[in-house]
Amino acid sequence: MPFGNEGKQAGIALALSGGGFRAVLFHVGVLWRLNELGVLGQLARISSVSGGSIASGLLAVRWDMLHFGAHGVATNFDDEIVAPLRRFCSLDLDVASVITGALNPFKSAGEELADEYRKHLGMGVSLQALPEAPRFVFNSTNYATGTSFRFSRPYAGDYRIGLIWRPKFDVATAVACSSAFPPLLAPVELDVDPDLFEHSPGADLWEKADFRRRLQLADGGVYDNLGLETVWGRYETVLCSDAGRPFELDAGVGAFAPKQLFRVMDIGLNQALSLRKRMLINEYQSGRMKGAFWAINTPITDYRAGGLPVSPEKIADLSTIRTRLDRFREQEQCELVNWGYAVSDAAVRSYAPQVIAALSEAGLPYPDYPLV
């Protein structure tokens with residue numbers, strides 16, 4: 001089947017954004033609530049970038065270990081998914097990976113990060129070992145072509161250089177490429193036999209073997225921080241969880257050239273992200289697509305099925321927590337999990353109640369850490 005031409009399908013897709021360990025913990029809360037509502041077991045595809053890929057990567061390798069019982073609710077979700085990811089988010093990885101990569105002439109920082117995923121999360125398994133359903137898609141950015149390079153069980157590749165069918169990359173490599181934030185962790189360079197790529201419609205660079213021989217891949221959020229492109233227009237129902245950094249106002253940019261340069265980059269990325277969000281919301285409002293969108297900085301009062309109490313001050317605090325891969329304290333972890341749980345509950349019950357298969361009363365996973 002041609003890359004990017006899969007057609008619209010019945011089913012539910014979930015897109016998980018980037019945002020470092022903050023996104024991992026926020027999405028843990030999201031996945032927790034989706035499991036309680038019986039939605040997790042119905043998912044046809046999970047598309048992710050960066051921190052979202054860390055969460056979905058563990059979910060992928062442990063999917064067959066989940067015990068889905070009545071109404072499709074996994075009874076061991078906490079043990080198999082929540083606990084390992086929380087332990088992982090207690091580690092200091094980004095600086096350690098950069099230093100180790102700098103001292104090791106044979107491995108980059110991104111490759112060191114992949115080793116951490118193998119060591120702590122068991123991601124050293126082949127993409128071919130993942131379940132056929134749901135389909136897990138890990139999105140990275142190809143520096144050479146400026147497009148999204150995707151890893152999944154059926155294929156890996158981008159639309160300009162062609163596809164590798166039934167790729168043998170392990171999940172750790174896919175997640176490392178998806179989460180290699182520039183400039184310190186990226187690029188992850190993969191030396192590949194160019195003959196593994198097959199030509200696909202629109203692959204205008206396929207005949208240039210250099211683009212297929214050495215891949216330079218970086219954080220998927222550089223291209224699409226919502227992970228939306230691989231589910232856009234393909235599924236009747238799309239749920240989107242955004243834990244990315246909200247755009248920061250700054251009245252003091254001044255004439256300092258480097259600061260201006262970074263500001264210009266932030267504005268450009270924010271405009272691209274805002275455009276994707278507006279297009280998604282427009283699809284919902286027009287009825288062309290069903291689903292729900294929520295973000296880490298969304299006021300919970302925006303949802304008519306608001307449920308759990310969350311103060312605006314707490315939302316503001318959690319939406320500005322760092323997006324690094326460093327140690328998150330107990331309170332930070334529990335509050336982020338609680339917030340992802342609460343806002344996804346409100347969004348799904350408000351705008352996509354048809355996907356709910358289990359009637360489960362909402363209650364914060366960690367009640368000792370209220371969001372008020």
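For this chain, numbers begin at 1 and follow the sequence in order.
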How close do [X] and [Y] get, heavy atom to heavy atom, and via which atoms?
| X | Y | value |
| --- | --- | --- |
| Gly20 | Ser50 | N-OG, 4.4 Å |
| Gly11 | Tyr235 | O-CB, 3.9 Å |
| Ala346 | Ile300 | CB-CG1, 4.0 Å |
| Gly29 | Ser344 | O-OG, 4.4 Å |
| Asn139 | Ser47 | ND2-OG, 3.0 Å |
| Asp242 | Leu226 | CG-CD2, 3.5 Å |

Do [X] and [Y] touch side chain to side chain, with heavy atoms closer than 4.5 Å?
| X | Y | answer |
| --- | --- | --- |
| Phe21 | Glu332 | no |
| Ile164 | Val192 | yes |
| Ile296 | Arg22 | yes |
| Phe26 | Leu318 | no |
| Glu335 | Lys314 | yes |

Test side chain to side chain donor-acceptor pair (under 3.5 Å) on Thr75 and His67; report intermediate values, then the result. CA-CA 6 Å; Thr75 56; His67 301 150; 4.5 Å; no
Determine whether Arg118 and Thr173 satisfy the following criterion, side chain to side chain donor-acceptor pair (under 3.5 Å), listing intermediate values before the conclusion. CA-CA 9 Å; Arg118 296 183 184 103; Thr173 297; 3.2 Å; yes
Trace of the side-chain contact (heavy atoms from CB on, under 4.5 Å) decision for Asn142 with Phe211: CA-CA 10 Å; Asn142 189 333; Phe211 285 94; over 6 Å; no
Using only atom types and a distance under 3.5 Å, with no angle test, would you say the side chain of [X] pairs donor to acceptor with the backbone of [Y]?
| X | Y | result |
| --- | --- | --- |
| Asp158 | Ile161 | yes |
| Ser17 | Ala243 | yes |
| Ser56 | Gly52 | yes |
| Ser200 | Ala203 | no |
| Arg234 | Arg45 | no |
| Ser140 | Phe149 | yes |
| Gln42 | Ile12 | no |
| Ser350 | Ala305 | yes |
| Asp224 | Glu229 | yes |

Cluster question for you: counting only ILVMFWY and a side-chain heavy-atom cut-off of under 4.5 Å, with indirect links fine, are [X] and [Y] together?
| X | Y | result |
| --- | --- | --- |
| Val137 | Leu43 | no |
| Val82 | Met65 | no |
| Val49 | Leu239 | no |
| Val61 | Leu121 | yes |
| Tyr223 | Tyr143 | no |

Set of residues satisfying salt bridge (charged side-chain N to carboxylate O under 4.0 Å, His left out) with respect to Arg288, sequence neighbours excluded: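 For Arg288 the salt bridge (charged side-chain N to carboxylate O under 4.0 Å, His left out) partners, ignoring immediate neighbours, are Glu283.
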List for me each residue that meets salt bridge (charged side-chain N to carboxylate O under 4.0 Å, His left out) alongside Glu80, sequence neighbours excluded, and say none if there are none.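 Expected list: Arg62.
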Applying ring-ring contact (aromatic ring centres under 6.0 Å, His included), which residue pairs with at least one partner in residues 311-330 are found, sequence neighbours left out?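 Of all non-adjacent pairs touching residues 311-330, none passes ring-ring contact (aromatic ring centres under 6.0 Å, His included).
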Any pair counted as ring-ring contact (aromatic ring centres under 6.0 Å, His included), so long as it reaches residues 166-202, sequence neighbours left out: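 Found Phe151-Phe169, His199-Trp206.
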Distance-only check: which donor-acceptor pairs under 3.5 Å involve side-chain atoms of residues 123-133, not counting sequence neighbours?
from, atom 1, to, atom 2, distance (Å)
Ser126, OG, Gln128, N, 2.9
Gln128, NE2, Arg153, O, 2.8
Gln128, NE2, Pro167, O, 2.9

Can Trp63 and Phe68 be said to form a ring-ring contact (aromatic ring centres under 6.0 Å, His included), step by step? CA-CA 10 Å; Trp63 185 265; Phe68 287 99; 5.2 Å; yes
Give the table of side-chain donor-acceptor pairs shorter than 3.5 Å for residues 357-367, with sequence neighbours excluded, one pair per line with atom names and distance.
from, atom 1, to, atom 2, distance (Å)
Ser360, OG, Arg33, NH1, 3.2
Tyr366, OH, Arg86, NH1, 3.3

Taking ring-ring contact (aromatic ring centres under 6.0 Å, His included) as the test, write out the residues that go with Tyr117, two or more places apart.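 Checked Tyr117 against ring-ring contact (aromatic ring centres under 6.0 Å, His included); matches are Phe88.
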Given the rule in the side-chain contact (heavy atoms from CB on, under 4.5 Å) test, do Leu31 and Leu14 qualify, once you have shown the distances and angles that lead to the verdict? CA-CA 10 Å; Leu31 295 171; Leu14 173 65; 3.8 Å; yes
Using the side-chain contact (heavy atoms from CB on, under 4.5 Å) rule, take Leu185 and Ser179 through it: C-alpha gap first, then chi angles, then the decisive distance, then the call. CA-CA 8 Å; Leu185 296 174; Ser179 58; over 6 Å; no
Please list, chain by chain and in numerical order, all residues satisfying side-chain contact (heavy atoms from CB on, under 4.5 Å) with [X], sequence neighbours excluded.
| X | value |
| --- | --- |
| Tyr351 | Ala292, Tyr303, Arg304 |
| Ile356 | Leu37, Val348, Arg349 |
| Pro309 | Val372 |
| Pro299 | Thr301, Asp302 |

Strictly by side chain to side chain donor-acceptor pair (under 3.5 Å), give each pair with a member in residues 185-194 just once, sequence neighbours left out.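 Applying side chain to side chain donor-acceptor pair (under 3.5 Å) to every pair that reaches into residues 185-194, excluding sequence neighbours, yields Glu189-Arg214, Glu189-Gln216, Asp191-Arg214.
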Evaluation steps, side-chain contact (heavy atoms from CB on, under 4.5 Å), between Ile81 and Val28: CA-CA 8 Å; Ile81 305 300; Val28 165; 5.5 Å; no
With side chain to side chain donor-acceptor pair (under 3.5 Å) as the test, pick out the partner of Ser90 among Arg327, Glu330, Gln333.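 When side chain to side chain donor-acceptor pair (under 3.5 Å) is applied between Ser90 and each of Arg327, Glu330, Gln333, only Gln333 qualifies.
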Atom OG1 of Thr141 and atom CZ of Arg150: how far apart are they, to the nearest 0.5 Å?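 If we round to the nearest 0.5 Å, Thr141:OG1 and Arg150:CZ are 11.0 Å apart.
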